[in-house]
Amino acid sequence: MPGPSKLPKKSIRRVKDGVRRFLENVAGERSEEEDEELEDSQPLPAPDTKNLPDDLVRIAELEHSIIDAEQRQTEKWRSEMASILTDREERQTYFSDLATEREARFEKMLASAKAQLAGLPPIEEPEPEEEQEPEEEEPIAEIIPSGPYAFPTLELLETSDIEEATLVSPDKLEEQELKLQGTLDSFAVDAMVYDAVVGPRVTQFRVRPGIGVRVEKISGLQKNISLNLAQTNVRIQAPIPGEPFVGIEIGNGNTLPIRLRSVFESRAWQRGSETIPLAIGMDIQGKIVVADLAKAPHLLIAGATGSGKSVCMSNLIVSLLYKFSPEELELVLVDPKRVEFGLFREIPHLIHPVVGEADKAVKVLKWVVQEMETRYEILAEKQVRNIAGYNAKAEAQGFDKMPFMVVIIDELADLMMTSKGEAEASLARIAQLSRAVGIHTIIATQRPSVNVITGVIKANYPTRIAFQVSSVVDSRTILDSKGAESLLGAGDMLFNPPGFARLVRIQSPMIQDEEISQVVTHVKADQNERHRVDLSAFEQTAEGTAESLADGVDDLYMQALAIVAETQKASTSYLQRRLRIGYNRAATLIEEMEDRFHIGPQNGSTPREVFVTTEDLNQ
């Protein structure tokens, strides 16, 4: 751009003076009134710049363009400043109102706290007038079938005093440690009692073996240690997983029950990341154990009568009530004994009344299988792999989520004995396929035998809880290892958590019937029954059942089954003699009966167990 630097300063000044005189001559000696009239009528003629230098004209045009640009920028800044000031006023008004509201709320809370300290009833906030009008409440009650789910509070459960109790005195602990060390020394075992860990129910002495001492040499002294310490049940964990010690566990002299409220107040429960949390109990180190049923994905509980199974299952159900609403989780309770789940009959999570009859239990399990297949079809339509992906997609797109479903069976042995194998077939299929669609099962039994806990069930139920049993055989049936026969009972359990190849000794929490009643009364408030399962599609007649038994099998199957039911004897040679058939055909009939769970498996020289009677066939 050409600039005035090329001209001398005096020449520029003379040019400016000449331009000023030229403009004055063009304007003339008009008065102000004539100028205004001229401006209103027609625009001023452009000055004649023919006699001006080109450089000066370009400078003047540049200055005019700069002035116009600055004026436009100034107007833009003025508009932005006006919008900023308006926004600032709105923010000041909002924060002023918010500060006034919080100050009023704080004063109200302070007045309520002072009233409570003075023994007066708390100050309640008056309800708005719109909610007090009956004209608005009636249509709402007609449209909404049930109110929001009221999650139970911790005040409904009793507190635990285990934190303030002395489970083992220091003198008693030192005495037991000296006796244990003396027992090891008397059998010439090079091992040292390192320390002791006092738990809520048992004390674990950690023993460090010497160099070259076999672990089996210490575990072989279990009965001698029990004799010298005057203990009924001593369990030896050789070795403790992840530690260079052998654990010797004995019962405490003073025991106090752990309340379920202590588990719910723990950090592991309140801040846990489990999808379906279950309150299991407290281990030897005093750590709260919370399991995730979604990772299990199915749970097997077994133990002798009075060992704590029913209380444990009540804890699991209450855990679900504390974490899930009826829209998030559905329950199916099967109680062949008809006494264990009586307190949970009115909870809103049930999609069918508590099942007590064996035939209805089989139909419910068949309905669960059908529900599982329906859910898989829904997942295929939405192009997702599991329930987590479906619920994430439902939250993003706005359609209803898919609730979890938990099927809980209290006594599996009675169901297996009366359902002729149909229950196990349904359970096996549910356990194999239902994890992806959010269906999980919890089964319990007080008869841990191979006829009840079969190989199919053990293969599909890797997560197990074993309470006190009567023999090592029962312990191996449940856990595939010994140890459950040495438990103390009353909630003392061995837990095989999902994903870990080791057993954890846990004390199950205690919950009383009064606490369960309070929780159920609280959660059923403003809730209607949600029984949506219709078992009419699974009604079968006795004739149809008999025909289905004979489909696809030998013509002599029903005759052979009648002979076995009448004599309660099932063997290949016996059927050969009675039916006058060959060995291969008789063996095929016996295998078919075993596959249909009419008879039990062969157990050495012991006769097979017969599950069918003549009355069953005549029905």
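Residue numbers run from 1 in the order of the sequence given.
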(message) Can you give me the closest heavy-atom contact between Pro209 and Ala191, atom names plus distance?
(response) CA-CB, 4.0 Å
(message) According to ring-ring contact (aromatic ring centres under 6.0 Å, His included), who are the partners of Tyr376, at least two apart in sequence or on a separate chain?
(response) none
(request) Scan residues 238-248 for pairs that pass side-chain hydrogen bond (donor to acceptor under 3.5 Å, both in side chains), counting only residues two or more places apart or in two chains. (result) Arg206-Glu243
(message) Pair Phe611, His598 - check side chain to side chain contact (heavy atoms under 4.5 Å, CB included), show working.
(response) CA-CA 5 Å; Phe611 300 148; His598 293 152; 5.7 Å; no
(request) Under the side chain to side chain contact (heavy atoms under 4.5 Å, CB included) rule, collect the residues that match up with Pro462, sequence neighbours excluded. (result) none
(request) Return yes if some donor-acceptor pair links the side-chain N/O of Asp335 with the main-chain N/O of Phe341 below 3.5 Å, else return no. (result) yes
(message) Quick one: does any side-chain atom of Ser226 pair with a main-chain N or O of Lys223 as donor and acceptor, under 3.5 Å?
(response) no
(request) Please confirm whether the backbone N or O of Asn233 pairs with a side-chain atom of Gln222, one donor and one acceptor, at under 3.5 Å? (result) no
Taking only distance into account, with no hydrogens and no angle test, what donor-acceptor pairs under 3.5 Å do side-chain atoms of residues 313-325 form with protein atoms, sequence neighbours excluded?
{"from": "Ser314", "atom 1": "OG", "to": "Ser310", "atom 2": "O", "distance (Å)": "3.0"}
{"from": "Asn315", "atom 1": "ND2", "to": "Val311", "atom 2": "O", "distance (Å)": "3.2"}
{"from": "Asn315", "atom 1": "ND2", "to": "Pro509", "atom 2": "O", "distance (Å)": "2.9"}
{"from": "Ser319", "atom 1": "OG", "to": "Ala279", "atom 2": "N", "distance (Å)": "3.3"}
{"from": "Ser319", "atom 1": "OG", "to": "Asn315", "atom 2": "O", "distance (Å)": "2.7"}
{"from": "Tyr322", "atom 1": "OH", "to": "Thr153", "atom 2": "O", "distance (Å)": "2.7"}
{"from": "Ser325", "atom 1": "OG", "to": "Glu327", "atom 2": "OE1", "distance (Å)": "3.4"}

(message) For a side chain to side chain contact (heavy atoms under 4.5 Å, CB included) check, start with the C-alpha distance between Leu180 and Val207, then their side-chain angles and the critical distance, and finish with the verdict.
(response) CA-CA 10 Å; Leu180 179 58; Val207 179; 4.2 Å; yes
(message) Within this structure, what is the CD-CG distance for the pair Glu177 and Leu229, rounded to the nearest 0.5 Å?
(response) 11.5 Å
(request) Compare every heavy atom of Asn252 with every heavy atom of Gly199, then report the nearest pair and how far apart it is. (result) O-ND2, 2.9 Å
(message) For the CZ atom of Arg375 and the CG atom of Asn386, what is their distance to the nearest 0.5 Å?
(response) 12.5 Å
(request) Could you tell me whether the side chain of Arg201 and the main chain of Gly489 form a donor-acceptor pair under 3.5 Å? (result) yes
(message) Does Glu274, at its CD atom, have more than 12 non-hydrogen atoms belonging to other residues, nucleotides or ligands within less than 6.0 Å?
(response) yes
(message) Does any part of the side chain of Ile590, heavy atoms only, come nearer than 4.5 Å to the side chain of Arg608, both counted from C-beta?
(response) yes
(request) With rounding to the nearest 0.5 Å, note down the distance linking CD1 in Ile430 to CE in Met372. (result) 6.5 Å
(message) Within a 6.0 Å radius of atom CD on Glu174, are there more than 12 heavy atoms belonging to other residues, nucleotides or ligands?
(response) no
(request) Applying side-chain contact (heavy atoms from CB on, under 4.5 Å) between Glu515 and each of Arg261, Arg259, Met510, report the one that passes. (result) Arg259
(message) Let me confirm one number: the OG1-CG distance from Thr159 to Leu260, rounded to the nearest 0.5 Å.
(response) 12.5 Å
(message) For a quick test of reading the model, state the closest non-hydrogen atom pair linking Arg385 to Ala436 and the distance between them.
(response) O-CB, 3.9 Å
(message) Quick test of your reading of the model: are Lys309 and Glu411 salt-bridged, counting only N-O distances below 4.0 Å?
(response) no
(request) Determine whether Ile284 and Gln507 make a side-chain contact, defined as any pair of heavy atoms from C-beta on separated by less than 4.5 Å. (result) no
(request) Provide the closest heavy-atom pair for Ser486 versus Arg505 in the form atom of the first, atom of the second, distance. (result) O-NH2, 4.0 Å
(request) For Glu357, check side-chain hydrogen bond (donor to acceptor under 3.5 Å, both in side chains) against everything at least two apart and list the hits. (result) none
(request) Find out whether Ile478 and Leu494 are in side-chain contact, i.e. whether some heavy atom of one side chain is under 4.5 Å from a heavy atom of the other. (result) no
(request) Taking the side chain as every heavy atom from C-beta outward, state whether Leu365 and Ile409 have any pair of such atoms under 4.5 Å apart. (result) yes
Residues 294-307 side chain polar contacts: donor-acceptor under 3.5 Å, at least two apart:
{"from": "His298", "atom 1": "ND1", "to": "Thr441", "atom 2": "N", "distance (Å)": "3.1"}
{"from": "His298", "atom 1": "ND1", "to": "Thr441", "atom 2": "OG1", "distance (Å)": "2.9"}
{"from": "His298", "atom 1": "NE2", "to": "Ala431", "atom 2": "O", "distance (Å)": "3.2"}
{"from": "Thr305", "atom 1": "OG1", "to": "Gln446", "atom 2": "OE1", "distance (Å)": "2.8"}
{"from": "Ser307", "atom 1": "OG", "to": "Ala304", "atom 2": "O", "distance (Å)": "2.7"}

(request) Would you indicate whether the side-chain heavy atoms of Arg502 and Gln237 approach each other to under 4.5 Å? (result) no
(message) Is it the case that the side chain of Ser508 and the backbone of Gly281 share a donor-acceptor pair, with hydrogens and angles ignored and the cut-off at 3.5 Å?
(response) no
(message) If we check ring-ring contact (aromatic ring centres under 6.0 Å, His included) with His349, which of these qualifies: Phe344, Phe404, Tyr149?
(response) Tyr149
(message) Just verifying a value: how many Å separate Thr203 OG1 and Ile248 CD1, rounded to the nearest 0.5 Å?
(response) 12.5 Å
(request) Report the residue from Asp283, Thr463, Leu503 that forms a side-chain contact (heavy atoms from CB on, under 4.5 Å) with Phe495. (result) Thr463
(request) Provide the closest heavy-atom pair for Pro403 versus Ile387 in the form atom of the first, atom of the second, distance. (result) O-CD1, 4.0 Å
(request) Work out which heavy atom in Ile453 is nearest to a heavy atom in Pro448; give both atom names and the distance. (result) CD1-CA, 3.8 Å
(request) Mark yes when over 12 heavy atoms from residues, nucleotides or ligands other than Lys287 sit less than 6.0 Å from its NZ; otherwise mark no. (result) no
(message) As a quick check of understanding, evaluate side chain to side chain contact (heavy atoms under 4.5 Å, CB included) for Val612 and Met593, giving each step before the final call.
(response) CA-CA 10 Å; Val612 65; Met593 293 181 189; over 6 Å; no
(message) I'd like to check Phe205 versus Ile225 (side-chain heavy atoms, cut-off strictly below 4.5 Å). Are they in contact?
(response) no
(message) Tell me whether Tyr194 at atom OH has more than 12 heavy atoms from other residues, nucleotides or ligands lying less than 6.0 Å away.
(response) no
(request) May I ask you to decide if Met402's main-chain N or O and Asn391's side chain share a donor-acceptor pair within less than 3.5 Å? (result) yes
(message) I need the single residue from Gln204, Glu485, Glu249 that forms a side chain to side chain donor-acceptor pair (under 3.5 Å) with Arg235. Which is it?
(response) Glu249
(request) Under the side chain to side chain contact (heavy atoms under 4.5 Å, CB included) rule, what do Ile457 and Ile443 come out as? Steps first, then yes or no, please. (result) CA-CA 10 Å; Ile457 292 180; Ile443 59 176; 4.0 Å; yes
(request) With the side chain counted from C-beta on, respond yes when Gln176 and Ile250 share a heavy-atom pair under 4.5 Å apart, and no when they do not. (result) yes
(message) Taking Leu487's backbone N and O only, do any of them form a donor-acceptor pair with Gln468's side chain (distance below 3.5 Å, no angle check)?
(response) yes
(message) Using 0.5 Å steps for rounding, measure from the CD1 atom of Ile465 to the CD1 atom of Ile506.
(response) 7.5 Å
(request) Please tell me if the side chains of Pro348 and Val523 come closer than 4.5 Å, counting only heavy atoms from C-beta onward. (result) yes
(message) Can a donor-acceptor pair be found, under 3.5 Å and without considering hydrogens, that links the side chain of Ser481 to the backbone of Ser475?
(response) no
(request) Kindly say whether Lys458 contributes a backbone atom to a donor-acceptor pair with the side chain of Arg464 at under 3.5 angstrom? (result) yes
